[in-house]
Colleague: 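The structure under discussion is supplied below as structure tokens; questions concerning it will follow.
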Amino acid sequence: MIKISLKDGKVLEFNEAVKAEDVAKSIGMGLYKAALAAKINGEVCDLSTVIDKDSSLEILTFEDKDGKWALRHTASHILAQAVKRLYPGVKLAIGPAIDNGFYYDFDADFAITPEMLEKIEKEMENIVKEDYVLERFVLDREEAIKLMSEKAETYKIELIEELPANETISFYKQGEFVDLCAGPHVPSTGKVKAFKLLSVAGAYWRGNENNKMLQRIYGTAFTKKSELDEYLNMLEEAKKRDHRKLGKELDLFTIVEEGPGFPFFLPKGMVVRNQLEDFWREIHRKNGYKEIKTPIILNEALWHQSGHWDHYKENMYFTKIDGEDYAIKPMNCPGGILAYKNQMHSYRELPLRMGELGLVHRHEISGALHGLMRVRCFTQDDAHIFMMPSQIKQEVLGVIKLIDYVYKLFGFEYHVELSTRPEKSMGSDEAWEHATNSLIEALNAAGMDYKVNEGDGAFYGPKIDFHLKDCIGRTWQCGTIQLDFQMPERFDIHYIGEDGEKHRPVMIHRVIFGSIERFIGILTEHYAAAFPTWLAPVQVKILPVTDRANEYAKSLENQLKDMNIRVETDLRNEKIGYKIREAQLQKVPYMIILGDKEVEAGNISVRSRKDGDLGSLELKDFISKIKEEIEKKISNI
RNA sequence: GCCGGCUUAGCUCAAUUGGCAGAGCAACUGACUUGUAAUCAGUAGGUUGUAGGUUCAAGUCCUAUAGCCGGCUCCA
């Protein structure tokens, strides 16, 4: 008797060993049809897996992440099969499922073009129609290498050779196609009902730029055509909120050929930026920070002392002044430390929180540049916290809370990553361990979930990163908290302790927005440029219906300006519908429409970007309403 | 930096097989005095990213180069 317990707590009993798919069938045909993979005792596997002892079982469908991945993984095999049919000489590399889809890397001695994608898609459709069963089989290392040698799949051989000794080497066969693969897969190719190939891109073998560049085909797959269409439609919609497009349309910023990666902020974008900076200063004052400003160019010797010369030189720009070597700062910390050193510090002053909106320049490779998201000069909303070792946890926790407060205000979902010691780094193992543990403790104290990135820390210390999503779901690092025992050492900074002796402080480097530029990019996409009123470049647009209302309009404009409201008046000789349309496209939160009626009654007619015509209001009531909205930073999207 | 694609008026895009560079919007001028997402008419706007080459003839073909886009890589 085999007992199989299901997710809902029910227990099914079978007289003999049974396949997961048969269990699904016994639960119901609906589930059986939707089933893509199974989770047996917590392990994801094929539906054809035989259960021969008491187990827990979960049938995975497209609703489950692992079910989705199995389907898309199978889709990537179908892609590979189609490519092999059409272009037999192509060598296979790897083809996993990823968020939102799948890819497969190929080594072909010709360029894969978009036209070829259409052909490949057609062949994939055939393979789906032919509905091959995916059969799993296991080989020992020698047999596996032999099989792949016969097929001249050199990349597969390399993969097999590097598998650990105890690893099961499994293959999946569908029709004439066999691929090395850990699985799991859906039962047959016919399950992949709706798919599309999306793009071709170069990708280095194993992500290493010293290796050969392969050609990667990206695609996505769903169980239903309607889901695929919905996804493709979502991508189209997302393109409309791309900050590069909106930034151009709404004149927020521009990047010109003369300065690749060096954005220009135009008047409208500058308003958003200044509002963010004002807000930043306000919360930092409230949280006990002082503000400094350090120079952009400093003597190169400083960067030797800080370790940047050894660890960051490739990303830095240099210049000469009077024959002396200078560097353009890629980070604010050395300057911040020099500011700290300007005075003696007592333990009574600690933690000393010093903020700086610092403009840094970093050389990014040309292919990495991306609108405001990745640029070559940007302003970090930096701060350096100097403290005693006993204050680390408390201070890190304080920063985590501040970041959380800011992101929540904008309505962002975010995820957190902890990065540990990289290969290229300085300091002792003990110092790194202490620093890393301190960050973990603070994360735990804050109750934060986080992912660990081994070896991804800064060269001077481990860090916690906060990632935000752009409109198509790519994530960008924004906030970061980095713990540093190295710089204080290198710069020999100290404070006078209770005992009257000199002690070494510990440092935190942290940013909340990360880079103002990137943050504005993310905000633009998040709000589709319909910024909340407190950030909107123009908050109110006054639209006279005819020039009989122009004088009234001008007087209202002055009154609103006196109340510190950003207002513009459209006196052009155009129809009201035209003026409204334009204001709406410019995403102005409020329009005041003035015709003969309003002039007569001395009131105003208000239209909101979001809700349309709001009817007649008294000016003072409108002012108090909008003032409150600005004051409370209401995100009225 | 690497792989592939793209680059035509301020913006969005046209231009058969190489055969006179065009439209809408925006701008400017004029008329219209208008009530909640586009009034009409006219004017001007270009060394087709840049530099070479092939050709009787190049936006179109070839080479180089810059920038952009999608990825890889890298990172705020």
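Reminder, nothing fancy here: chain letters follow the sequence lines and each chain counts from 1.
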Colleague: Under 4.0 Å between a Lys/Arg side-chain N and an Asp/Glu carboxylate O for A:E525 and A:K239?
Modeller: no

Colleague: Taking the six-membered ring for Trp, are A:Y104 and A:F106 ring centroids under 6.0 Å apart?
Modeller: yes

Colleague: When you get a sec, tell me which of B:G4, B:U36, B:U33 is the closest nucleotide to the side chain of A:A111?
Modeller: B:G4

Colleague: Could you please name the option among B:U36, B:A66, B:A76 that lies closest to any side-chain atom of A:I580?
Modeller: B:U36

Colleague: Taking the six-membered ring for Trp, are A:F222 and A:F195 ring centroids under 6.0 Å apart?
Modeller: no

Colleague: Below 6.0 angstrom between ring centroids: does that apply to A:F459 and A:H308?
Modeller: yes

Colleague: How long is the line joining CD of A:E209 and P of B:G71, in whole Å?
Modeller: 19 Å

Colleague: Where the side chain of A:I593 is concerned, which of B:A76, B:U36, B:G4 is the nearest nucleotide?
Modeller: B:U36

Colleague: Kindly point out which of B:A37, B:A76, B:G71 is positioned nearest to the side chain of A:R581?
Modeller: B:A37

Colleague: For A:F519 together with A:F412, are the ring centres under 6.0 Å from each other?
Modeller: yes

Colleague: Check the phosphate of B:A37 against A:Q584, side-chain N and O only, distance under 4.0 Å to OP1 or OP2. Yes or no?
Modeller: no

Colleague: Using atom P of each nucleotide, how far apart are B:A38 and B:C25 to the nearest Å?
Modeller: 14 Å

Colleague: Which of these nucleotides, B:A37, B:U33, B:C75, is closest to any side-chain atom of A:D456?
Modeller: B:C75

Colleague: How far does the P atom of B:A15 sit from the matching atom of B:G59, given to the nearest Å?
Modeller: 15 Å

Colleague: Taking the minimum atom-to-atom distance to the side chain of A:R216, which one of B:A76, B:G71, B:G35 wins?
Modeller: B:G71

Colleague: Expressed in angstrom and rounded to an integer, what is the separation of A:K469 atom NZ from B:A76 atom P?
Modeller: 20 Å

Colleague: Salt-bridged, A:D242 to A:K240, with N to O below 4.0 Å?
Modeller: no

Colleague: So what does A:L198 hit on the nucleic acid, given a heavy-atom distance under 4.0 Å: a base, only sugar-phosphate, or nothing?
Modeller: nothing

Colleague: Between B:G71 and A:R474, is there an OP1 or OP2 to side-chain N/O distance shorter than 4.0 Å?
Modeller: yes

Colleague: I want to verify a distance call: between B:U36, B:G35, B:U39, whose nearest atom is closest to the A:K575 side chain?
Modeller: B:U39

Colleague: Does OP1 or OP2 of B:G1 have a side-chain N or O of A:S366 closer than 4.0 Å?
Modeller: yes

Colleague: Salt-bridge test for A:K119 and A:E123: reply yes if a basic N is under 4.0 Å from a carboxylate O, no otherwise.
Modeller: no

Colleague: For the pair A:E517 and A:R374, find out whether any cationic side-chain nitrogen is under 4.0 Å from an anionic carboxylate oxygen.
Modeller: no

Colleague: Please classify the nucleic acid contact of A:A201 as base, sugar-phosphate, or nothing, using heavy-atom distances under 4.0 Å.
Modeller: base

Colleague: Contact class for A:V545 vs. all strands (heavy atom < 4.0 Å): base, sugar-phosphate, or nothing?
Modeller: base

Colleague: Can you check the distance between B:C61 and B:U17, where both ends of the measurement are the C1' atom (answer in whole Å)?
Modeller: 13 Å

Colleague: Go nucleotide by nucleotide along RNA chain B from the 5' end; which of A:V256 and A:Q482 gets its closest nucleotide reached first?
Modeller: A:V256

Colleague: I'd like the P distance from B:A27 over to B:A21, given in whole Å.
Modeller: 29 Å

Colleague: What's A:I576 touching, base or sugar-phosphate or nothing? Going by heavy atoms closer than 4.0 Å.
Modeller: sugar-phosphate

Colleague: Taking the same atom, P, in B:C69 and in B:A31, what whole-Å distance lies between them?
Modeller: 45 Å

Colleague: Scan residues 233-255 of chain A against RNA chain B and write down, sorted by residue number, each residue with any heavy atom closer than 4.0 Å; if none is found, say none.
Modeller: A:R244, A:K248

Colleague: Could a donor-acceptor pair under 3.5 angstrom be found where the side chain of A:E314 meets the base of B:G1?
Modeller: no

Colleague: Quick one: is B:G70 close enough that its OP1 or OP2 comes under 4.0 Å of any side-chain N or O from A:H370?
Modeller: yes

Colleague: Counting only side-chain heavy atoms from C-beta out, which of B:G67, B:U36, B:A76 sits nearest to A:E257?
Modeller: B:G67

Colleague: Could you tell me the separation between the CD atom of A:E364 and the C1' atom of B:G1, rounded to a whole number of Å?
Modeller: 12 Å

Colleague: What's the closest nucleotide to the side chain of A:Y204 if the choices are B:A37, B:U73, B:G67?
Modeller: B:U73

Colleague: Tell me whether A:Y578 and B:A37 count as stacked here, given that the ring centres must be under 5.5 Å apart and the planes must differ by less than 30 degrees.
Modeller: no

Colleague: Tell me which of A:G615 and A:K463 sits closer to the 5' end of RNA chain B, going by the nucleotide each one is nearest to.
Modeller: A:G615

Colleague: Closest heavy-atom contact between A:S608 and A:Q584?
Modeller: O-OE1, 4.5 Å

Colleague: Can you tell me, in whole Å, how much space there is between the P of B:U63 and that of B:G22?
Modeller: 29 Å

Colleague: Measuring only the P atom in each nucleotide, how far is B:U60 from B:A64? A whole number of Å is fine.
Modeller: 16 Å

Colleague: Quantified in whole Å, what is the C1' atom distance between nucleotide B:U29 and nucleotide B:G67?
Modeller: 37 Å

Colleague: Measure from CG on A:D470 to P on B:G70 and round the result to the nearest Å.
Modeller: 10 Å

Colleague: Return the nearest nucleotide to the side chain of A:P260; candidates are B:C74, B:G67, B:U33.
Modeller: B:G67

Colleague: Mind checking A:Q586 for me? I need base, sugar-phosphate or nothing, with any heavy atom below 4.0 Å counting as a touch.
Modeller: nothing

Colleague: Does the pair A:K554/A:E557 count as a salt bridge with the N-to-O cut at 4.0 Å?
Modeller: yes

